[in-house]
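Read the structure below first, then the notes.
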Amino acid sequence: RTQDVTADASWASGNTAVADIASPGLTDAISQGLAPITATLSGVVGNAELGVLNATIDAMSITPEQATINVQTSEEYRATVLLSTGDTIDVTDLVTWSSSDGTVASVSNDTNSKGRAFGIKKGTASIVASATFASVTIAQTAQLTVDAVEIVSLSIAPANISVAAG
């Protein structure tokens, strides 16, 4: 079983010149560089490396920009930010995903399926990726059309068959 213990853990930065702990699970970026981040709870330690870039976000994009799927099928969306340095970073797992019409399509925020939209009924919905980076909230949308599958013909194979009675 997995449980979110962010608020219960003790947090520390191994390089406070680069990043400091603002509140449980959140850091303040101080300067460019790398900072090891540690969370400790009941003697169990988790580690991560935080990279701070000397850049700002110029834009965010979602791919695909437009997609068409059938009811009961899905489409994988990716979110990317363009930095002032010209670099791009995939932020699919960092943004919050939503659908403008939850009756037409849903979109996952689960760890293993972030950005996966699922067609519920025929219609159109905007798939939205939003996030706050360095106190700046950004959002971008993509268009998803969900079509209903229409049966146009049926065939039985083999067309002619004979079997023995009994």
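Throughout, residue positions are numbered sequentially from 1 according to the sequence presented.
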Which atom names give the shortest non-hydrogen contact between [X] and [Y], and what distance separates them?
| X | Y | value |
| --- | --- | --- |
| Ser61 | Gln140 | CA-CG, 4.1 Å |
| Asp90 | Ala79 | OD1-O, 3.4 Å |
| Gly102 | Ile120 | O-CD1, 3.2 Å |
| Ala105 | Leu144 | CB-CD2, 3.7 Å |
| Ile30 | Asp20 | CG1-N, 4.2 Å |
| Glu76 | Pro64 | O-CD, 3.6 Å |

Are the side chains of [Y] and [X] in contact, using a 4.5 Å heavy-atom criterion?
| X | Y | result |
| --- | --- | --- |
| Val81 | Ile138 | yes |
| Ile89 | Leu53 | yes |
| Phe118 | Ile69 | no |

Rounded to the nearest 0.5 Å, how far does [atom2] of [Y] lie from [atom1] of [X]?
| X | Y | atom1 | atom2 | value |
| --- | --- | --- | --- | --- |
| Thr80 | Met60 | OG1 | CE | 9.5 Å |
| Ile57 | Leu83 | CD1 | CG | 6.5 Å |
| Asp58 | Asp87 | CG | CG | 11.0 Å |
| Ser108 | Lys114 | OG | NZ | 8.5 Å |
| Ser106 | Asp101 | OG | CG | 11.0 Å |
| Glu49 | Asn15 | CD | CG | 9.0 Å |

Can you tell me if [X] uses its side chain to pair, donor with acceptor, with the backbone of [Y] under 3.5 Å?
| X | Y | answer |
| --- | --- | --- |
| Ser13 | Ala19 | yes |
| Asp110 | Asn112 | no |
| Ser84 | Thr56 | yes |
| Ser99 | Ile127 | no |

Q. If you group Ile, Leu, Val, Met, Phe, Trp and Tyr whenever their side-chain heavy atoms sit less than 4.5 Å apart, what else falls in with Leu41?
A. Val5
Q.
If hydrophobic residues (ILVMFWY) are linked whenever their side-chain heavy atoms come closer than 4.5 Å, directly or via other members, who joins Val52 in its cluster?
A. Trp11, Val18, Ile21, Ile37, Leu50
Q) Given the rule that I, L, V, M, F, W and Y join up when any side-chain heavy atoms are under 4.5 Å apart, are Val107 and Val128 in one cluster? A) no
Q) If two hydrophobic side chains count as joined below 4.5 Å and joins carry through other members, does Val91 share a cluster with Val136? A) yes
Q) Are side-chain N/O atoms of Thr137 and Thr132 paired as donor and acceptor at under 3.5 Å? A) yes
Q: Return the set of residues passing side chain to side chain donor-acceptor pair (under 3.5 Å) with Asn47 (not counting sequence neighbours), or none when no residue passes.
A: Thr38
Does [X] [atom1] have over 12 foreign heavy atoms under 6.0 Å away?
| X | atom1 | answer |
| --- | --- | --- |
| Gln66 | CD | no |
| Ile156 | CD1 | no |
| Glu65 | CD | no |

(Q) Which residue is it: Thr124, Thr68, Asn70, Val71? I am looking for the one with a side chain to side chain contact (heavy atoms under 4.5 Å, CB included) to Val146. (A) Val71
